[in-house]
Amino acid sequence: MPLDLYNTLTRRKDRFEPLEPGRVGLYVCGPTVYDFAHIGNARPVVVFDVLYRLLKRLYPSVTYVRNITDVDDKIIKAAADNGEAIEALTERTAAAYHQDMAALGTLPPDIEPRATQHIGRMIAIIETLVGAGHAYAAEGHVLFHVPSMPDYGQLSRRSQDELVAGARVEVAPYKRDAADFILWKPSTPEQPGWDSPWGRGRPGWHIECSAMSGQYLGQTFDIHGGGLDLIFPHHENEIAQSRCAHGGAPLAKVWMHNGFVTVNGDKMSKSLGNFFTVRQLLTEGHSGEAIRLALLTAHYRQPLDFSRDGLHQAKAALDRWYTALRSAGPVPDGVSATTAEIEELLFPTLAALEDDLNTPLAVSHLHELAGQLNKARTPSDQVRSRAALLAAGAMLGVLGQDAEEWFKGAATEGLSATDIEAAIDARTAARKAKNFAEADRIRKELAAAGIVLEDAAGKTTWKRSA
RNA sequence: GGCGCGGUGGCAGAGUGGUGAUGCAGCGGACUGCAAAUCCGCGUACGGCGGUUCGAUUCCGCCCCGUGCCUCCA
């Protein structure tokens, strides 16, 4: 099955072919580390994690680069507000980011470069741009001169006239053209800064990605991803810098952008204050797996309205799948499924993902596989459907834990597993004695503590129903 | 003003020029001491108005509503 991906540059789904057979380079814009990641920040991480898993399955060599922006004016401000050293803030926030993204079941990228460790390369690119007449120094700043690039604006499909007409900010006096953007800016003594040919300063927002993608993936690579709001100006400017520094070579072949997470229809954003952090939801007791699935229930280019109800629906789906896995019981000796058998069952899920990451359709195929597992009557059918369900789950990055653990979980409060099992034994004895009043009393007592009992095949199992 | 996205059954959410996914919720049935889970069955859903077509939710036009970007933003 071929892989089709929607390319923002062409505005249509295109058949994907790696630039070099068997090798794929993927660059995704990572976090600016000054605060906890919210669900809107998490969406691209989860979406591109699914892409990464798919690419790894389809191609022998995949290099996934996701940067950490650890120099930025928001960081300077947050550190000042906290009375915290910049480095302490960025280290702390980056560590929290790693924890939270791991909780969402995302694989770490192959390379996670930090902006502050690539200043030299940024300066070199800026020097090249100045030398080629695409950039100029003015009042300690270095700016990219947008009119020097005739085909600027292809990604966002904006003409330079429109940019000027729509400019909503005051144009700095040192700009030759209103659309020119900053490559390097001066730092005051208390701001972080590096020596450069233009004095002590720090990089502008866009140049870091040009430096890091170029270093790890080369001048032209396969896929560049990020959120919709990065199309303009960030990615447009990244393209301008990189192409003008590289003799016009394209930066990335495919540009992918995920849609926004909204709350009651409005974009979730830090400035609006309508955000849920991943950490907050995890603390409330939502599983990272349910958060992840909630983010995958809408197609990645569609807006996703986030709500706790959506989270509960995702959990219900996971309950259904884990129930199927748990009910199937242990695999009998000597029964196994062949790779070909599993692949056949996995095919629809894979085909859905290969069609521009149609995760909602893939989710429906997981439901189909769970249904097949529930209906399986022979050990070989069970083993086959179970293996296929697990493999399909792995494509989405879910169903990675043991089903018993999913249901019995780590209870931070309430009854321990030992207490529960003792109560179940007492109830089983009562049932054997046909003392159903006592059996029901125990069931009710456990239910009040959030424990649901299920009598099946002569054995009683339990789960926490939070 | 420029550029863009969306409006599918109670909810979430795919998809398609013609037998209208999937899940949740709801209803009925099987199973169960009772439940739960599971299985079986059940729904005159495609914002409005025109057009193209034998046939449109799907293509085209206009309109309405919501929403995003236009140098903080995933």
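Each chain gets a letter, A, B and so on, in the order the sequences are listed, and its residues count up from 1.
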Taking atom [atom1] in both [N] and [M], what distance in whole Å separates the two?
N      : M      : atom1 : value
B:rG66 : B:rC60 : P     : 24 Å
B:rU8  : B:rA12 : C1'   : 12 Å
B:rU16 : B:rU58 : C1'   : 6 Å
B:rA30 : B:rC65 : C1'   : 46 Å
B:rC31 : B:rG47 : P     : 43 Å
B:rG1  : B:rU53 : P     : 35 Å
B:rG9  : B:rC5  : P     : 22 Å
B:rU44 : B:rG29 : C1'   : 24 Å

query: When the nearest nucleotide of RNA chain B is assigned to A:His365 and to A:Leu304 on a heavy-atom basis, which residue is associated with the more 5' position?
result: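 Closer to the 5' end of RNA chain B: A:Leu304.
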
message: Reading RNA chain B from 5' onward, which residue's closest nucleotide shows up sooner: A:Gly40 or A:Asn358?
response: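 Upstream on the strand: A:Asn358.
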
Using Watson-Crick or G-U wobble geometry with both distances below 3.5 Å, tell me the partner of [N], or none.
N      : value
B:rC59 : B:rG51
B:rG1  : B:rC70
B:rA36 : none

query: Taking the six-membered ring where the residue is Trp, are the ring centres of A:Trp198 and A:His141 under 6.0 Å apart?
result: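 For A:Trp198 and A:His141, the ring centres are not under 6.0 Å apart.
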
- prompt: Is the distance between the ring centroids of A:His286 and A:Phe276 less than 6.0 Å?
  reply: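 No, too far apart.
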
Please give, in whole Å, the distance from [N] [atom2] to [X] [atom1]?
X        : N      : atom1 : atom2 : answer
A:Asp455 : B:rU32 : CG    : P     : 12 Å
A:Arg427 : B:rG33 : CZ    : C1'   : 10 Å
A:Asp72  : B:rC73 : CG    : C1'   : 10 Å
A:Leu296 : B:rA12 : CG    : C1'   : 14 Å
A:Ile451 : B:rA37 : CD1   : C1'   : 16 Å

task: With A:Lys463 as the cation and A:Tyr322 as the aromatic partner, state whether NZ or CZ is under 6.0 Å from the six-membered ring centre and within 45° of the axis.
output: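 Checked: cation-pi criterion not met.
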
- prompt: Below 3.5 Å, does any donor atom in the side chain of A:Arg301 face an acceptor in the base of B:rC5, or the other way round?
  reply: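 Under the 3.5 Å cut-off, the side chain and the base do not form any donor-acceptor pair.
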
query: Can you tell me if the side-chain N/O atoms of A:Lys375 get under 4.0 Å from OP1 or OP2 in B:rC40?
result: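 Answer is yes, contact under 4.0 Å.
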
- request: May I ask you to verify if any side-chain N or O of A:Trp205 is less than 4.0 angstrom from the OP1 or OP2 atom of B:rC73?
  value: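 Affirmative; the distance criterion is met.
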
field: Among A:Tyr136, A:Phe181, A:Tyr174, the one residue meeting ring-ring contact (aromatic ring centres under 6.0 Å, His included) with A:His145
entry: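 That would be A:Tyr136; it is the only one of A:Tyr136, A:Phe181, A:Tyr174 passing the ring-ring contact (aromatic ring centres under 6.0 Å, His included) with A:His145.
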
field: Salt-bridge present (A:Arg441, A:Glu438; N to O < 4.0 Å)
entry: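 Yes, A:Arg441 and A:Glu438 are salt-bridged.
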
